[in-house]
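Heads up: the structure comes next, in structure tokens.
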Number of protein chains: 2
Amino acid sequence: MSTIYDVARLAGVSKTTVSKILGGSKNVRASTLERVNAAIEELDYVPSCFAQGMRKGATNTLAVLLPEQYNYGYMELLAGVEDYADRSGYMTFVCSTGRDGRYEEKYLKEMVRRKVDGILYFAYRRNEKSLAYLEHISTNIAVVVMDNVLRGERLDCVRVDGSGLTKQAVRYLADKGCRRIAYIRGLGTYDVTTERYQGYLDGLEESGIPFDAGLVQEAEFTMEGGAGAARALWSQKPEAVVAATDMLALGALNWLEENGVRVPGDVNLIGFDNIPLCVWSRPRLSTISQNQRQVGEIAVKHLLARMDEPDQEPSRLLLGGELILRETT
Amino acid sequence: MSTIYDVARLAGVSKTTVSKILGGSKNVRASTLERVNAAIEELDYVPSCFAQGMRKGATNTLAVLLPEQYNYGYMELLAGVEDYADRSGYMTFVCSTGRDGRYEEKYLKEMVRRKVDGILYFAYRRNEKSLAYLEHISTNIAVVVMDNVLRGERLDCVRVDGSGLTKQAVRYLADKGCRRIAYIRGLGTYDVTTERYQGYLDGLEESGIPFDAGLVQEAEFTMEGGAGAARALWSQKPEAVVAATDMLALGALNWLEENGVRVPGDVNLIGFDNIPLCVWSRPRLSTISQNQRQVGEIAVKHLLARMDEPDQEPSRLLLGGELILRETT
DNA sequence: GTGAAAGCGCTAACAT
DNA sequence: ATGTTAGCGCTTTCAC
């Protein structure tokens, strides 16, 4: 590995001049520039990022913290993040914080240590400690919190409008004439759950449908959970079912099919997330789509904006989505 | 951010002593150690990784280079990689090299610049330049090539035994009594394609079945490709079809079903990869599974071994897999 | 058992 | 337009 000193010697200049050229300074004679560039080329020289980081602080690196090892839903999103970051001249460091986010603090500290310029923080589960730490470091490092429902933390935040979109689904069903609209919600420990559920409630109200507790089932975020909820719900003869996630909806669909219930003939069904499996079920699942790739891009854009204007007031971005009608409605 | 100097001052010692303690030296008076540790605690001190990297070279970081943005098949594998790396005290840097691996060289250089201790390189498409570069840097950085069929490069390599496993599938079908076994291979540009196809040929030979060119179709690695191949193949009345990937097999399955061919009644079908969709098709697809998580762990283990013994001869690991019989056989 | 001093590769302030 | 100099925070001889 050759150093800036080697380049300087080969080009017959001082290392300051080389450094200036590397930094893109214009105050250089053309002939000097040429010689230095030739030397760089010849030696295959690349500046050490440690020395640079030590002097400059900035590293041109973004970190993405993701819960649960590589959940499939994040793939498109990551693609969006990396693409946009790359186009803006940033590298991306992806860290999965493990189930229950048990590595969150460890990775957070490590990223600070590595002086990343910005952090994109994902977590469905609210972690007070991490949030407090993020707020603490946000004076030095740009931070954007994703998918979390903030309560008072002074942090930027981007998330999908789970409430509004669920409401939209409910209203669609109501407009179609359904009155007995059931809801399969996830476990209560997540903010996302509560938020989407609120959308269900709002949708009922706006459609003038009275709430019926018997039409709501809570279930684990799995297909089994969805199947169980469908079984419990079926005795209530719903005309439509909205589920908090596609997995839940798919589980319900499976149970309904196996028990001779025709979808959408006997009951309508709408999921949430638009995971790839939706087009593989029979009938194919209607759902709410968030355009994950775009979410990723917006997240990075937001992060870069924060880096540019560190003193701006924290802002919250609510992202829309789309009702995708396939064959279960 | 406090520095080692702050710690030294607070503890009333020199920074040398602090550094020694950080490095785990035993030659320290107990009282000194206590004072220093207290100071570290109080200042929330974390050594700068730039200064460390500059002095030591090593960074306790591994890089994974992946082709095509977050292909689903890699998720389990990455989980294996990260878990094992973490347990061994390493951070993992994940870089997706984009479609056609167009960012390969860029990222490779960046990783070298960041002095990662090891690189896990994935790419189905052979890239001479990248391979040459990897060979070049392998004297300084541990490198393990994944999934590539090396030709003479002096590099460690881990890959799944595509040939042997395909052979196993063919022999299974032959043992079941099938004679007319067709094969859907991928496009010829990939080494993996050739390798798996060779397994088909070997399987036929070992089973004493003469090769029939009419029973082989080449197709793009998509469901559409698989469907087209199935259509072309059907006129040849095969008793069984083996496909180079699950996507191909699933496409074929779709076409067969839609054209009234019963699977496995009229024809047996086996895929390769065991992607999650396999259990979602009807009937569920029999396939060859590679235990991706384990592949990831083995890859890291191999990389760490190389780091320990930089002068060992390059080795090639061929990983086995498992024939998973579901409902298409 | 502890410290002083040199230097890793780079940038930036200050000459010239 | 180019060079000199002084560190960034750390580890590592080498003294004491």
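Below, chains carry the letters A, B, ... as their sequence lines are ordered, and counting in each starts from 1. Please read all numbers here as calculations on a predicted model, not as lab measurements. Hydrogens, waters and symmetry mates are skipped; everything else that's a heavy atom, side chains included, is used.
- Following rounding to the nearest Å, B:I40 (CD1) and D:dC10 (C1') show an atom-to-atom distance of 13 Å.
- For B:R29, the listed nucleotide lying nearest its side chain is C:dT2; candidates were C:dT2, D:dG9, D:dC8.
- Looking at heavy atoms from C-beta onward, A:V143 lies out of side-chain contact with A:L120 at the 4.5 angstrom threshold.
- In this structure, A:T17 does not reach the D:dT2 phosphate: none of its side-chain N or O atoms is under 4.0 Å from OP1 or OP2.
- Toward the 5' end of DNA chain C, the nearer of the two residues B:S31 and A:L22, judged by each one's closest nucleotide, is B:S31.
- Within the 4.5 Å cutoff, the side chain of A:L78 has no heavy atoms near those of the A:T92 side chain.
- We find that CZ of B:R113 is positioned 19 Å from P of C:dC8, with the value rounded to whole Å.
- Remark: aromatic rings of A:Y90 and A:Y84 are distant, center separation not under 6.0 Å.
- Summarising the geometry, the separation between CE on B:M54 and P on C:dT11 is reported as 10 Å, rounded to the nearest angstrom.
- In this structure, of C:dG3, D:dG9, C:dT11, it is C:dT11 that holds the atom nearest to the side chain of A:K56.
- Within 4.0 Å (heavy atoms only), A:T16 reaches at least one base atom of the nucleic acid.
- Note: CZ (A:R35) to P (D:dA1) measures 15 Å, nearest angstrom.
- Considering only the side chain of A:K15, D:dA6 comes nearest among D:dA6, D:dG9, C:dA6.
- Residue B:T32 places at least one side-chain N or O under 4.0 Å from the OP1 or OP2 atom of C:dT2.
- B:Y5 has its OH atom 12 Å from the P atom of D:dG9, to the nearest Å.
- Here C:dG9 presents its C1' atom at 16 Å from CD of B:Q52, a figure rounded to the nearest Å.
- Donor-acceptor pairing under 3.5 Å is lacking for the side chains of A:R154 and A:T139.
- With D:dC8, C:dG3, C:dC8 as the candidates, the nucleotide lying closest to the side chain of A:R55 is D:dC8.
- In the set D:dA1, D:dT11, D:dC14, D:dC14 carries the atom at the smallest distance from any side-chain atom of B:K20.
- In this structure, B:S19 reaches the bases: a heavy-atom distance under 4.0 Å links it to at least one base atom across the strands shown.
- Straight-line distance from the CD1 atom of B:I21 to the P atom of D:dC10: 14 Å, rounded to whole Å.
- Checking C:dT11, D:dG9, C:dC10 against every side-chain atom of A:S48, the shortest atom distance belongs to C:dC10.
- Under a 4.0 Å N-O distance rule, the pair B:K15/B:D6 does not qualify as a salt bridge.
- Taking atom CG on A:N27 and atom P on D:dT2, their separation rounds to 9 Å, with Å as the unit.
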